[in-house]
Amino acid sequence: NAGVTQTPKFQVLKTGQSMTLQCAQDMNHNSMYWYRQDPGMGLRLIYYSASEGTTDKGEVPNGYNVSRLNKREFSLRLESAAPSQTSVYFCASSESRTYGYTFGSGTRLTVV
Amino acid sequence: QKEVEQDPGPLSVPEGAIVSLNCTYSNSAFQYFMWYRQYSRKGPELLMYTYSSGNKEDGRFTAQVDKSSKYISLFIRDSQPSDSATYLCAMSDGPGNQFYFGTGTSLTVIP
């Protein structure tokens, strides 16, 4: 099915470990995003990439890094995981920043 | 103060009822508005996208924007059990700018 694919779907990390969340879209969208969703906080933007070759910080970038590998792929890296990063992470893409987003199914991350 | 406020509910209605979901916001510059539906343990899916004020209808769904009151609504007519989900609003103040999301309203439609 066309859309946004995220891997892994679930992950448990120990404090201090690192990991990369992968995201790929097959809709030829220009813009891609990483959000985290926490109870009572809603969706908060971590990083975004308006187009291939560019990345910018969102609302909550601390503790994260991103790479726009090519037009299809946008990865999110946690260098040293902390319990505060326990969350559900969503990748999204859109044709441009004024269009609606297509979201992936999410990665449920627990940091112990 | 949050950019976008949304009553978390939960909201429970009988099948066939008209549902009204609402968001308020503080930034008068917001002009792009979206509504998403999110089923449990799934990603949000776009329902409606509107620009500036007025109404937009798509099947059983109607999105309404009142910029003077800084208030947006999503109406669901003839609600179905399959409408049971969390509904998120999102808004932005211009092209290329960040969308701010509400926390979502949980809706259950009882058969």
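All chains are named by letter (A, B, ...) in the order of the sequence lines, taking the proteins before the strands, and each is independently numbered beginning at 1. Heavy-atom basis, side chains included; hydrogens, waters and symmetry copies ignored.
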Audit row: A/Y47, A/F74, ring-ring contact (aromatic ring centres under 6.0 Å, His included) steps and yes/no: CA-CA 10 Å; A/Y47 271 93; A/F74 188 38; 7.9 Å; no
Among residues at least two apart in sequence or on other chains, which ones pass ring pair (Phe, Tyr, Trp, His ring centres under 6.0 Å) with B/Y87?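 By the ring pair (Phe, Tyr, Trp, His ring centres under 6.0 Å) rule, B/Y87 matches no residue at all.
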Ranking A/Q37, A/Q6, A/M41 by heavy-atom pairs under 4.5 Å to chain B gives rank one to A/Q37
What class does the angle between the rings of B/Y25 and B/F30 fall in, given that below 30° is parallel, 30 to 60° is tilted and above 60° is perpendicular? tilted
Below 4.5 Å from any heavy atom of chain A, which atoms of [X] appear? Answer side chain, backbone, both or neither.
X     : value
B/Q38 : side chain
B/Y51 : neither
B/P8  : neither

Centroid-centroid distance, B/F99 to A/Y101, less than 6.0 Å: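 Distance test on ring centres: under 6.0 Å, yes.
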Counting heavy-atom pairs under 4.5 Å with chain A, which one of B/K42, B/M34, B/R41 comes out on top? B/R41
Choice from B/P44, B/G104, B/A90, B/G43 maximising heavy atom contacts with chain A below 4.5 Å: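 The candidate making the most pairs under 4.5 Å is B/P44.
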Distance only, no hydrogens: is a donor on one side chain within 3.5 Å (strictly under) of an acceptor on the other, for A/R77 and A/S18?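 Result is yes, a qualifying pair exists.
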Rounding to 0.5 Å, atoms CD1 (A/I46) and CZ (A/F90) come to a distance of 11.0 Å
A/E59 portion near chain B, given a 4.5 angstrom heavy-atom threshold: both
Please flag which part of A/R44 lies under 4.5 Å from any non-hydrogen atom of chain B: side chain, backbone, both or neither. neither
